[in-house]
Structure formats: C-alpha cells, structure tokens
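Notes follow the structure.
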Amino acid sequence: MDWSDVRIFLAIARAGTLGGAARTLQVSHPTVGRRLRALEEAIGHSLFQRTADGLVLTEEGGGIVSLAEQMEEGALAMERRLAGQEQNLTGSLRISSADWFGAYVLPPILVEYSKAYPNVDVEVLTGTRLFNLAQREADVAFRIVPFDTADLVQRKLFRLEYAVYIAEAAPEPKFGDGTGFRLITHDTSTGQFPDIAWLIDSFPNAKPVLRSNNRNVQGRMCRQGVGIAVLPQVVGSQIPGIRKLSLPSKPPSRDIWMGYHRDLRRLERLRAFISTVSATIADRAVWE
C-alpha cells in the first residue's frame, strides 16, 4: 500500500471533505479524489460514504484509521530522524509562537540568527493554534505553559513580567476602584489568564469594554484611549503612546517555555537557533 495514498486517506478522514484534505496537503481537489479512488480500488473496499454534509468513514474505513495513523507516525519518525542527522546550516527552520512573542521577542533573536546563518530559511508561524511538533508542523515552539507531549525536549527560558498600561494623556486610575475607566481584557475561549483576572480584581468598578486574543491589538487599543490594559512588559515597553502605571501590587508573572522534538536535537540549524536564543536572552535578562 502506497504511503502517499494512506496520507490522503487520513487527511480526508480528518477534514471530512475532499476540498479540506486538498487544502491541508496543498494539492489539487481532483488529485485527492483520484488518489482516494485508486486506494479504494486497490483494497477492494469503499472507505467513505458520500453524504450531503461531506464524507463519512464506512465501517471498513473506520477499521483502518488506527493502522493508517501508525503508518503516519512511522513515516514522520523517519523524516524527523533523517532531518536530525543533517549537519549543514542550510534548509528551513519553522518557528511557532504567540503573536506578541513573534512581534516583540523574536525579532532581535532572528536578527542575530540570520546574520550568522544566512542560508537558513526561517518561517515564523504565530497565533493561538498549538502546532504539532511530532508531525513537524513546526520545528521549535514557544509557549507560556509547559509542553505535555511525549518525546519533546523543553526548556524554561525566562520569567515573563506583566504591567498595567494606559494611554499617555489619560488620567491616573485609582487602584482598587477604577470608577470611570474601562478595561481591555483577553478572549478566554482558549483558557484563563491570571494577569487578566488580576486586572479585573484590581479595578473592580472599571467596565470591561473590549476583548482581544492578540496582545498587540490590546496595546494599540490602549494607546487609542480605549481603556486600561495589562500587557507583558516586553510588549508594553515597545508600544509608543502608552505609559506603565505604578501600582501597589503587580500582575502575576508567567514562565516562557521552548520545546522541540527529541529526534531533531542533532539538527544543526536548530541547535544553532537554540544557542542564539540563549545568548540573546542572556543579554536581555530582564524583559522590560
């Protein structure tokens, strides 16, 4: 059985449509349909039932999903192992992080890295999605929570400090009150944020007026006078037009973690990137 056909089978099973699978694999819609028909003819079974809502696994298709996933893991492990044995500083390096980290923390790191290793093609993927390191959706990732997946190497990089900001021309809010002021908070659909909970508790009479899952948006709305915002200091210190409030207590801090798959630990361009991260952070030990 051709692994490339099994890969298409898995993509269709996960997406539920030929078009969704085609987008995931970055191939054409007809190619996906043609390869699926070839696979079904080769094994003599229909793997999907066509419905108005898309493709649904048949009993035969559902029975081989786990086996197909085992093939996928073996192929990905082979790819990672071979990639980890590369000894040259060329090729690509895919980095995953939150939007604010990519915009405010990574730039000085990537400047140094690109100067030292100009033949490495760097791709930065930002957002709330947690890219799968085992499937090589990213080579290295930065997160504010520890990694909980097996076979990953992780390292705590630094302690992220937060502060409260307001537009430069805005009056000073009263800590413990906040009457007459508005708050900029965070979208909580992806989890809870201790700094946002602290902000709401610290200004109980201020009215939450805007939520965003992007710290850069929060900072820029703060600059426009929309309300009070709590931001990582590495973000707030780089946004002109806002000022940090001096308060009797400060928001809770969090740790920043870096992780990568253990099969890539010998990948030279990744090792060089990790060294650059460590050196750059050492030069800026306090991210303010």
Side-chain angles (χ1 to χ4, degrees), residues 14-15 20 23-24 94-107 109-110 122-133 135 137-149 152 154 156-167 170 173 178 181-204 206-245 250-259 287-288:
R14 290 162 179 166
R23 287 189 293 273
T24 298
R94 185 174 292 178
I95 303 165
S96 167
S97 76
D99 292 310
W100 65 266
F101 195 94
Y104 295 97
V105 177
L106 284 180
I109 295 171
L110 294 180
V122 176
E123 182 178 1
V124 179
L125 307 170
T126 63
T128 57
R129 179 189 167 195
L130 301 181
F131 287 86
N132 192 316
L133 298 178
Q135 294 185 6
E137 291 183 337
D139 298 312
V140 58
F142 297 90
R143 297 178 187 171
I144 58 173
V145 293
F147 295 80
D148 58 2
T149 306
L152 295 186
Q154 62 180 312
K156 184 165 68 175
L157 292 179
F158 61 89
R159 192 72 175 169
L160 181 69
E161 301 294 337
Y162 291 80
V164 180
Y165 295 86
I166 198 167
F181 288 83
R182 299 176 296 181
L183 299 181
I184 298 170
T185 61
H186 205 289
D187 169 37
T188 57
S189 62
T190 57
Q192 299 300 313
F193 297 84
D195 57 293
I196 297 296
W198 178 93
L199 178 68
I200 294 172
D201 290 342
S202 299
F203 297 95
K207 179 182 178 182
V209 67
L210 182 145
R211 290 194 304 272
S212 173
N213 64 354
N214 187 303
R215 296 287 187 176
N216 189 41
V217 171
Q218 294 173 18
R220 292 179 181 274
M221 292 298 103
C222 177
R223 182 176 67 184
Q224 295 298 320
V226 172
I228 306 168
V230 59
L231 301 168
Q233 291 191 46
V234 68
V235 175
S237 63
Q238 296 184 64
I239 297 179
I242 62 176
R243 73 176 195 274
K244 183 169 70 172
L245 297 180
K250 63 180 183 177
S253 56
R254 303 187 76 168
D255 293 323
I256 295 295
W257 296 81
M258 176 177 66
W287 292 83
E288 298 181 344

- Task: Decide side-chain contact (heavy atoms from CB on, under 4.5 Å) for Leu183 and Phe203; before the verdict, give the C-alpha distance in whole Å, the side-chain angles of both, and the deciding distance to 0.1 Å.
- Result: CA-CA 8 Å; Leu183 299 181; Phe203 297 95; 4.2 Å; yes
- Message: For Asp255 and Arg159: C-alpha separation, side-chain torsions, deciding distance, then whether salt bridge (Lys or Arg N to Asp or Glu O under 4.0 Å) applies.
- Response: CA-CA 5 Å; Asp255 293 323; Arg159 192 72 175 169; 2.7 Å; yes
- Task: Carefully, step by step, assess Asn216 and Trp100 under the rule side-chain contact (heavy atoms from CB on, under 4.5 Å).
- Result: CA-CA 6 Å; Asn216 189 41; Trp100 65 266; 5.7 Å; no
- Message: Would Thr24 and Arg14 count as a side-chain contact (heavy atoms from CB on, under 4.5 Å) here? Give the steps.
- Response: CA-CA 10 Å; Thr24 298; Arg14 290 162 179 166; over 6 Å; no
- Item | From CA spacing to verdict: side-chain contact (heavy atoms from CB on, under 4.5 Å), Asp195, Leu231 | CA-CA 8 Å; Asp195 57 293; Leu231 301 168; over 6 Å; no
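Between the side chain of Gln218 and the backbone N or O of Ile184 there is no donor-acceptor pair closer than 3.5 Å. When atom types are taken as modelled, the side chain of Arg243 and the backbone of Ala167 share a donor-acceptor pair closer than 3.5 angstrom. Listed for the Arg215 side chain is a donor-acceptor partner under 3.5 Å among the backbone atoms of Val230. For the pair Glu137 (side chain) and Asn132 (backbone), a donor-acceptor distance under 3.5 Å is present.
Defined by atom type and a distance below 3.5 Å, a donor-acceptor pair is missing between the side-chain atoms of Thr128 and Asn213. Side-chain polar atoms of Arg211 and Thr185 form no donor-acceptor pair below 3.5 angstrom.
When side chains are defined from C-beta on, Pro251 does not count as touching Leu199, because their heavy atoms never get closer than 4.5 Å. Residues Ile239 and Tyr165 fail the side-chain proximity criterion, which asks for heavy atoms closer than 4.5 Å.
Here the straight-line distance linking atom CG of Leu125 with atom CG of Asp99 works out to 11.0 Å at 0.5 Å rounding. Between the CE atom in Met258 and the CG atom in Leu152 there is a gap of 12.5 Å [rounded to 0.5 Å]. Note that the CZ atom of Arg182 and the SG atom of Cys222 stand 11.0 Å from one another [nearest 0.5 Å]. Here CD1 of Ile228 is found 14.0 Å from NZ of Lys207. Values are rounded to the nearest 0.5 Å. In this structure, Ser96 OG and Glu123 CD are separated by 10.5 Å, a value rounded to the nearest 0.5 Å. With rounding to the nearest 0.5 angstrom, the CD atom of Gln154 is 10.5 Å from the CG atom of Leu133.
For Ile242 against Gly236, the heavy-atom pair with the smallest separation is CD1-O, 3.7 Å. The shortest heavy-atom contact between Phe131 and Ala138 is CB-CB, 4.1 Å. In this structure, Phe101 and Pro107 approach most closely via the heavy-atom pair O-CD, 4.4 Å. Closest of all the heavy-atom pairs between Tyr162 and Gln233 is O-NE2, 3.5 Å.
At least one test fails for Arg143 against the ring of Phe147: distance under 6.0 Å to the centre or angle within 45° of the axis.
Screening Val122, Thr126, Ile95 for a side chain to side chain contact (heavy atoms under 4.5 Å, CB included) involving Leu106 leaves a single residue, Ile95.
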